[in-house]
Every structure is written in C-alpha cells, then in structure tokens.
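The block underneath contains the structure these notes are about, expressed in structure tokens.
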Amino acid sequence: MKTRSPDGVPTEVYLSFVASLFGNRKTLFTGMIVHVVTYAAVYAKSGDAFYIYLTGIFACVCLFRIYWFGRFDRTDKNALSRSDIAEWELRYLYGGVATTTILGIGSGYSIYFLRDSFCELACISVTLASMVSVVGRNYGSSKAVNLQTLSACVPIMIGFLLVGDPYMAVLAVLLVPFLLTTRMMANGVREFLYNYVIASREVSLIADRFDTALNNMPHGLFMVDGNNRIQVANRKACELLHLGNQESLKDCDLDVVLRYGSRHTFVDGSLPSLIQRQLTQLTDGSLSRTLVEFSENLFLEFTASRRPDGVVVLIFEDVTPRIRAERRILHMVRYDPLTGLPNREFFVESVQDWFRRHGGGGRVGFLILDVDEFKHVNDMKGHVTGDRLLCRVADELQRIVGDETIVGRLMGDQFVLFFPDEKGLDLGERIRATHAAICGSYEVDGTTFRVNFSAGYVILGSDEFRQEEWQIKVDLALFEAKSRAKGSCVAFEQEMDARYVERQKLKVDLREAVEKGGLHVVYQPMYRPDGTHIECCEALVRWVHPERGSIPPNVFIQIAEEMGIVSEITRFVLQQACADCASWPDDIGVSVNLSVQDLRNENILSVVADALGRAGLPASRLHLEVTEGSLLDELGVARSVLTHLRGRGVTIAIDDFGTGFSSLSYLDNLPVDVIKIDRSFVRNISEEARGFKLLRGIVHLSRELDLRIVVEGVETEDQLMLLNKYQCADLIQGYVFSVPLPSRSLLGLMEALANKSAATQRQKMIV
C-alpha cells in the first residue's frame with residue numbers, strides 16, 4: 001500500500017494524525033511500567049547491571065515524553081501552522097524512537113551476552129508486544145512506525161546473527177516480514193482513517209451547507225414520516241408558526257405542534273377542523289397544494305411532496321401580503337371607491353347569488369334613485385363636496401333599508417337597490433317608503449342641501465327574473481319619472497316598454513333622416529319693435545316623419561343628443577342657413593342654435609368656417625345662439641370656442657336668457673353680443689307687474705353692458721305695445737309678427753315689407 005506523505009494531506013488532517021500520537025496515554029504509561037518491571041526482573045535473574053542503566057534511561061525518556069505531552073495539551077491547535085505540526089511530530093519521534101531503541105538494545109544484549117532463556121524471552125516478548133502498540137498508537141505518522149520498528153527489531157536481528165547459530169540467523173531473517181507487515185498494517189490503518197476523516201469532512205461540509213440553505217430559505221419546511229411525526233423543521237417554519245426552537249420539534253406530531261406550538265399557543269383551543277382536514281389531505285396525498293388561513297393576519301400556502309417510503313415534505317410560504325393585495329384588488333373591482341357600495345357588476349353578481357341561494361317563489365323589486373340637480377352641487381360647492389354628499393346618501397340608504405336589501409351605485413349620482421321578498425310586507429309600499437325616507441336635508445361641510453330623488457322601480461316574480469330585462473324596465477321607469485316631475489317615484493308599466501320600443505324605432509328613423517336629407521329648415525323673423533323691418537331670422541330645424549307626420553323639435557333634438565348626432569344636425573342647419581341667407585338682402589342676418597355637444601370641442605370652428613365659405617356669406621351676418629344649460633356643462637371650452645368665433649366676426653347670443661342657473665354671471669365672463677329673453681318673462685306681463693319689473697331690470701342691466709336685446713315669444717298686440725312703451729326690446733320675435741316660414745316664403749315677406757316701407761316713404765315725401 002502506498003504510504004501517504006504528510007505533505008499530501010490537508011493541514012487539518014495532518015494535525016489530527018499528529019494529535020493521535022499524543023493521545024491514549026494510559027497504554028503508554030502502562031507500557032513504561034511493564035518495561036521497568038521486566039528489566040528489573042532480568043537484572044534480578046542475570047545480575048547484569050546494564051539493565052539498571054537501561055531502567056534509568058527509561059525513566060528519563062518517560063519524563064521527557066510526559067513534559068511534551070503536557071505542552072501539547074496546552075497548545076492552541078487552531079493556531080498551529082503546518083511547520084509547527086511537523087515540529088510536534090518530531091518531538092514525539094524523539095521519545096518514541098528512544099523507547100523502542102532501548103527495548104531493541106536490551107533484547108539484542110540479552111541474546112548475545114546473557115545467553116539466558118528467561119532473560120531473552122522476557123526482553124524479546126516485551127519488545128515485540130510494544131511493536132503491536134506501534135500500529136495501534138503511531139499509525140498517524142509513517143516516520144514513527146518506520147523508525148520505531150527498525151530501532152526495536154534491528155538490535156534483535158544483530159543479536160541473532162552475532163550468536164553464529166544458523167537457526168538464530170533464520171529467526172533474524174524472519175523478523176524482516178514482521179517489520180514489513182507491521183509497517184503495512186500501520187499504513188493501512190492510517191489510509192483507512194484518512195479516507196474516513198476526508199469523508200467525514202465532506203459529509204460535515206455538505207450537512208453544514210444543507211443546514212445553512214435549509215435555515216435561510218424563504219419558505220418554511222416540515223419533513224414528516226408516515227406517522228405524521230416531524231423529522232426535520234427549518235428555522236423559517238418555526239418563525240412563521242411561532243414554534244420556538246426547531247430542535248425541540250423532532251418526533252413531535254404535526255397536528256399537536258400546530259395546535260399548541262412548542263412554546264406558545266398558536267391557535268386558541270383545538271386546531272380548526274378545516275385546517276386539520278387540509279393538512280391531512282396534503283400528507284395523505286389527496287392534495288398537492290392548498291392555501292390555509294390560520295387567521296386574518298396569516299395565510300400560508302402549502303405544497304406537499306410524498307416519497308415512496310411514506311415521508312412527506314411540506315413546503316409553505318407566507319402569502320399574506322399577496323392575499324391582502326388580491327383582496328384589495330377584488331374590492332376595487334367589486335366596490336365603488338367613493339361610497340364603498342357594490343358597483344354595477346358586483347351588484348348584479350350579488351343579485352344572481354341571492355337567486356341561487358333562495359331559488360324561485362315570491363316577488364322581488366328593483367329601485368333606481370337619481371339625485372335631482374346634482375350637477376348644481378358640484379358647480380356651486382365643488383366636486384369634493386359633491387362626493388361627500390354622495391357618501392352621506394350611500395350611508396343613509398344602507399341605514400334605511402338594512403342588511404337584507406342589496407344597495408349599489410350605478411354611476412355618477414345614481415343608486416340601485418334590490419328588495420328581496422319578505423312575507424307579509426308589500427314590496428311597492430317598501431320601495432315608495434324608501435324613496436320618501438331618502439329624500440330630505442343633508443348637511444355637508446357646513447352646508448345643508450335639500451336633496452330630492454327621481455326614482456323608477458319594477459316588481460317582478462322570482463320566476464320572471466331576467467337579468468337583461470329588469471335593468472331596461474327600471475331605467476324606463478326612471479326616465480318616465482324624470483319626464484313627469486323631478487322627485488317623483490314611478491313604477492314600471494308595460495306601456496313604457498311600448499313607448500321605449502317606439503323611441504328606439506324613432507332613433508333609427510332619425511338617423512336615416514339625418515343621413516338622407518330628411519330634415520328641412522324654416523326661419524322665424526326677428527322684427528324691429530315697430531314691425532317695419534326684419535333684421536335677422538332664426539333657423540329652426542324641422543322633421544316630418546313619413547308615417548307620424550311632424551315630430552316636435554324638442555322631441556327629436558333630445559333624441560339626437562342621446563344618440564350623439566346632434567352635431568351632424570347643426571352642420572346641416574349651418575350650411576342650409578348660410579346658403580339661404582346669402583340669397584336674402586345684405587342687411588338681414590341668420591341665427592343658428594348650437595347644442596352643448598357642439599361646444600365640447602373646437603370642431604365647431606371648422607364647421608362654421610366651412611359653411612360660411614361654401615355660401616360666400618360674411619361672418620357678420622351669422623348669429624350663433626347658445627343656451628345657458630350648454631354653458632353650464634362646458635364653460636371653459638365654451639368660452640374658448642365662442643371667443644374664437646366672435647373674433648372672426650360672428651355675433652354671439654345667449655338664448656332663453658333667465659331660465660338657466662346663475663345667468664347674470666355669464667354676461668361678464670363670456671363674449672356675448674345679444675341676449676334673447678325667454679318667452680316665460682313675456683307670457684303674463686300684462687297681468688303680473690312683478691314679472692314685468694323683472695323683465696325691465698334685465699333689459700336695463702343688458703343696456704348698461706351694451707348688449708342688444710331680443711324678446712322671444714311675443715304673441716299678442718298687448719304684449720307688443722307694453723314692450724314698445726317701455727322700450728324693452730331691440731328686436732321682437734314671435735307669432736305677433738310671423739310664424740316660422742320656409743326661405744321662399746320669407747323672401748316674399750321681405751319683399752312685401754320693403755314695398756310697404758317704400759310706399760310709406762313716398763307718401764311722407766308727398767305730404
């Protein structure tokens with residue numbers, strides 16, 4: 001066997017080999033005593049004083065070795081370098097080789113000089129017995145084995161050879177195999193132990209790395225045997241489950257550990273049955289992954305891997321942040337972020353879930369509430385106050401209806417409620433009572449708001465419930481409520497459905513009329529107060545349905561706004577009005593109404609420019625009318641658009657002045673040239689002095705601002721006379737002078753007025 005050099009082994013292994021030389025001292029000291037006693041017996045038998053000297057030398061060597069053994073014990077082994085270790089090996093060799101040399105000399109001396117069988121047998125026996133201990137004690141150093149074997153055996157071999165007896169010479173030769181065998185045995189032991197030490201080091205290193213990885217992994221880990229007892233638990237598992245020292249968990253039942261913990265009670269009482277069932281399914285292989293909710297603040301996701309020998313590895317991680325994030329996202333998806341009520345989609349899901357849980361039978365109700373004039377709250381107090389008012393309404397709704405009724409927010413200022421069937425209670429009465437209760441005063445940010453709701457509701461049998469139908473029906477009921485009177489609560493009726501179908505058909509027909517030129521324009525003149533001259537004509541769009549006849553403008557214009565095609569109608573009217581106006585006398589203009597949708601962007605600028613360009617009409621002859629309602633919706637954009645138009649020379653008028661919200665503020669903030677006073681101020685001016693004073697106040701204010709005044713809706717001579725008496729108008733528009741006329745008829749009227757005016761002038765000249 002190849003002898004491994006000290007230089008070929010790692011330093012720590014070399015140190016362990018040298019340390020083995022200084023170990024097992026009991027055999028060393030026992031041998032010293034045996035050596036001294038044996039040599040004393042030989043001296044007693046032979047009387048040769050040489051053995052007395054050898055005994056003294058033994059004692060000195062023994063003291064030498066005891067001293068260095070003590071020094072080695074006190075040495076810091078971790079601080080030893082490889083050269084230091086080699087020096088300690090050399091110190092050991094001094095004592096060991098000295099001992100075996102004394103034994104070899106004593107044996108050789110007895111063979112050659114004493115020629116006494118007892119002395120020879122005693123000396124050789126002790127020497128060869130010591131050689132056996134060389135293998136057991138000195139395997140760590142090949143130098144120690146070689147030198148001690150040679151120093152013990154060579155003197156014996158010399159003694160055999162010096163006797164001159166051939167048989168003794170044979171014994172001398174036979175010691176050679178003994179020497180070689182002893183050396184091989186020592187080297188074999190050393191090689192075996194070296195491999196063992198290296199393997200142990202590798203196993204220790206792997207175990208240390210495994211332990212480091214196991215206890216620093218971000219997941220908790222349990223390894224349980226077939227009896228559900230924990231064999232391995234890492235540090236993260238103990239941290240996640242508050243289990244204390246991981247070493248104390250070995251061989252503990254997993255259920256018991258989770259129920260009580262090792263130092264702290266983890267779950268009050270016994271482990272909940274659901275958690276226990278989930279973990280049992282993991283360990284028996286029924287599940288490979290599951291989410292376990294230990295508490296509101298701890299969600300662990302377990303993954304199980306089962307081995308053929310029945311051992312199960314459970315790996316789990318804390319997914320509480322993920323679950324919380326998912327729940328927040330789900331809440332954001334399901335609930336209105338402002339009021340916290342279910343949004344439309346989740347409201348529908350909740351209703352469907354109610355039907356799944358309760359099945360058919362009984363009646364249910366749906367109610368939609370729409371806050372009346374809510375936009376004015378935002379305009380007066382800002383959107384923050386408006387949002388807080390909606391939150392107050394949501395809280396009040398939930399308080400009124402309780403937990404049985406499902407409350408949701410549809411959009412904007414609309415709320416929807418689902419009323420399940422309750423025995424002995426009339427659903428209609430409950431719904432109307434809810435509507436009455438929710439209307440009232442709400443205090444927000446120090447301001448008290450009187451809030452009314454337009455409401456529509458429908459009551460259905462559970463077996464009649466259709467998701468797509470109830471929404472249409474309740475919307476129709478709400479539309480009817482708004483049409484009748486704000487703040488009313490209207491139940492769905494089948495006639496509404498028929499009207500809805502008719503309205504939808506009307507939308508289709510209107511779109512076709514717009515696309516195929518089914519609309520036409522008429523004009524209502526604006527006269528000077530004395531009725532002698534027309535200065536401008538308002539273009540009014542008309543639609544004659546092929547089956548229904550004439551459709552009122554307030555009906556089809558509202559439908560056009562709902563459909564988003566009112567701007568197309570505006571484009572048509574502008575082009576037609578500009579073209580017709582170009583054929584009139586140069587001192588007569590044309591006025592066209594703009595809708596709120598026209599003022600939402602600057603596209604109207606190009607539409608106006610295109611109409612003027614096609615007709616070759618000067619911009620000064622075009623008047624554009626806007627209502628106060630359209631200004632309220634898009635004030636910022638409207639101001640910009642109107643400023644551009646006025647800069648091009650177009651005249652700007654406010655239509656239906658006095659009927660909108662906060663009217664007077666626009667007179668200073670917008671580029672306005674003309675105000676058209678609504679017919680509501682004129683209707684009863686002969687009977688109502690207060691109303692006439694209000695009209696005169698508006699006129700006075702307008703004149704102070706250098707605005708021209710058009711009074712609309714003048715129908716009687718009395719109204720005209722009163723307006724002229726107090727000089728309340730620059731222009732008069734109404735049936736007192738003319739109904740709306742087509743352009744051809746209007747030309748005839750203009751010619752008649754011109755002829756009449758010329759005749760009057762001639763008569764004055766004759767007179």
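Nothing here was measured: the structure is a model prediction, and the numbers come from that model.
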Might you work through the side chain to side chain contact (heavy atoms under 4.5 Å, CB included) test for Val626 and Leu642, ending with a clear yes or no? CA-CA 9 Å; Val626 294; Leu642 296 178; 4.1 Å; yes
Assess the side chains of Asn593 and Glu538: does a donor N or O sit below 3.5 Å from an acceptor N or O? yes
Output for pair (Ile551 CD1, Leu519 CG), nearest 0.5 Å, gives 11.0 Å
Here the gap from Arg542 atom CZ to Ser550 atom OG, rounded to the nearest 0.5 Å, amounts to 7.0 Å
Sub-3.5 Å donor-acceptor pair from the side chain of Asn755 to the main-chain atoms of Glu751, do we have one? yes
Any residue meeting salt bridge (Lys or Arg N to Asp or Glu O under 4.0 Å) with Asp395, in chain and number order, not counting sequence neighbours: none
For residues Val711 and Ala729, report the shortest heavy-atom separation together with the two atoms involved. CG2-CB, 3.5 Å
Closest non-hydrogen contact found for Leu746 with Cys537 is CD2-SG, 3.3 Å
Report the C-alpha separation of Leu390 and Phe415 in whole Å, then their side-chain angles, then the decisive distance to 0.1 Å, and conclude whether the side chain to side chain contact (heavy atoms under 4.5 Å, CB included) test is met. CA-CA 10 Å; Leu390 291 177; Phe415 299 87; 4.1 Å; yes
Please name the pair of heavy atoms, one in Gln733 and one in Pro525, separated by the smallest distance, quoted to 0.1 Å. CG-O, 3.7 Å
For residues 694-704, run the donor-acceptor check on the side chains, cut-off 3.5 Å, and write out each pair with its distance to 0.1 Å, sequence neighbours left out.
| unit_1 | atom_1 | unit_2 | atom_2 | d |
| --- | --- | --- | --- | --- |
| Ser702 | OG | Ile698 | O | 2.8 |
| Arg703 | NH1 | Asp730 | OD1 | 3.2 |
| Arg703 | NH2 | Gln727 | O | 2.8 |

Tell me which pairs pass ring pair (Phe, Tyr, Trp, His ring centres under 6.0 Å) where either residue lies in residues 591-627, with sequence neighbours left out. none
Quick one: does Asp598's side chain have a donor or acceptor within less than 3.5 Å of a partner on Ser595's backbone? yes
Is Arg571 salt-bridged to Glu568, going by a charged N under 4.0 Å from an acidic O? no
Would you check if the side chain of His435 reaches a backbone N or O of Ile431 as a donor-acceptor pair within less than 3.5 Å? no
Could you give all pairs that pass the side chain to side chain donor-acceptor pair (under 3.5 Å) test and reach residues 576-586, with sequence neighbours left out? Tyr523-Asp580, Gln576-Asp580, Trp584-Ser743
Hey, does the side chain of Asp655 reach the backbone of Thr627 with a donor-acceptor pair shorter than 3.5 angstrom? no
Shortest non-hydrogen contact between Ala582 and Ala615, atoms and distance: CB-O, 3.7 Å
Hey, is the main chain of Gly649 close enough, under 3.5 Å, to the side chain of Ser620 for a donor-acceptor pair? no
Residues forming a salt bridge (Lys or Arg N to Asp or Glu O under 4.0 Å) with Glu502, sequence neighbours excluded: Arg548
Within the 4.5 Å heavy-atom criterion, are Tyr735 and Gln524 side-chain neighbours or not? yes
Salt bridge (Lys or Arg N to Asp or Glu O under 4.0 Å) against Glu345, all qualifying residues, sequence neighbours excluded: none
Backbone of Gly589 reached by a side-chain donor or acceptor of Glu535 within 3.5 Å: no
Should the heavy atoms of other residues, nucleotides or ligands under 6.0 Å from CZ of Arg450 be counted, would the total exceed 12? yes
Under the rule for ring pair (Phe, Tyr, Trp, His ring centres under 6.0 Å), what residues qualify as partners of Tyr335, not counting sequence neighbours? His331, Phe346
Would you call Leu341 and Gln398 a side-chain contact if the rule is heavy atoms closer than 4.5 Å? yes
Before you tell me yes or no, could you show the steps for Leu397 and Leu369 under side chain to side chain contact (heavy atoms under 4.5 Å, CB included), namely the whole-Å CA-CA distance, both residues' side-chain angles and the distance that decides it to 0.1 Å? CA-CA 10 Å; Leu397 269 176; Leu369 296 169; 3.7 Å; yes
Can you find a side-chain donor-acceptor pair between Asp718 and Thr716 that sits under 3.5 Å? no
What residue pairs, at least two apart or across chains, pass ring pair (Phe, Tyr, Trp, His ring centres under 6.0 Å) with a residue in residues 437-457? none
Looking only at heavy atoms, what is the nearest atom pair of Ala477 and Ala491, with distance? CB-C, 4.1 Å
Scanning both residues in full, the closest heavy-atom pair of Val377 with Gly386 reads CG1-CA, 4.1 Å
Using the rule given for side chain to side chain donor-acceptor pair (under 3.5 Å), can you reason through Ser591 versus Glu625, listing the C-alpha separation, both sets of side-chain angles and the distance that settles it, and then say yes or no? CA-CA 7 Å; Ser591 182; Glu625 300 182 15; 2.5 Å; yes
Asp445/Lys381 salt bridge by N-O under 4.0 Å criterion: no
So, Asp370 and Ser454: side-chain donor and acceptor under 3.5 Å apart, yes or no? no
Got a sec: does the NE2 of His520 have more than 12 other heavy atoms crowding it under 6.0 Å? yes
Once ring pair (Phe, Tyr, Trp, His ring centres under 6.0 Å) is applied, do any residues pair with His545, and if so which ones, sequence neighbours excluded? Trp543
Applying ring pair (Phe, Tyr, Trp, His ring centres under 6.0 Å) as the test, list every pair that has at least one member in residues 706-727; sequence neighbours left out. Phe692-Tyr726
With a 4.5 Å limit on heavy-atom distance, are the side chains of Cys578 and Arg614 in contact? no
Salt bridge (Lys or Arg N to Asp or Glu O under 4.0 Å) filter on Lys756, not counting sequence neighbours, yields none
Would you check if Val682 and Ile685 make a side-chain contact, meaning some heavy-atom pair closer than 4.5 Å? yes
Any donor-acceptor pair under 3.5 Å from Arg621 side chain to Cys581 backbone: yes
Under 3.5 Å, is there a donor-acceptor pair between the side chain of Arg679 and the main chain of Gly734? no
Can you tell me how far apart SG (Cys536) and CE (Met526) are? Round to the nearest 0.5 Å. 4.5 Å
Output for pair (Leu645 CG, Thr651 OG1), nearest 0.5 Å, gives 11.0 Å
Report the distance from atom CD1 of Ile534 to atom CD1 of Ile732, rounding to the nearest 0.5 Å. 13.5 Å
Dump the intermediate steps for side chain to side chain contact (heavy atoms under 4.5 Å, CB included) on Met721 and Asn724, then the final yes or no. CA-CA 5 Å; Met721 182 181 65; Asn724 285 333; 5.9 Å; no
Is the shortest heavy-atom distance from the side chain of Val521 to the side chain of Phe572 under 4.5 Å? yes
SG of Cys728 to CD1 of Ile709: how many Å apart, nearest 0.5 Å? 8.0 Å
Listed by chain and number, what are the ring pair (Phe, Tyr, Trp, His ring centres under 6.0 Å) partners of Tyr527, not counting sequence neighbours? Phe737
Is Ile438 close to Glu396 at the side-chain level, that is, under 4.5 Å between some pair of heavy atoms? yes
Going by heavy atoms in the side chains, are Leu670 and Ile652 under 4.5 Å from each other? no
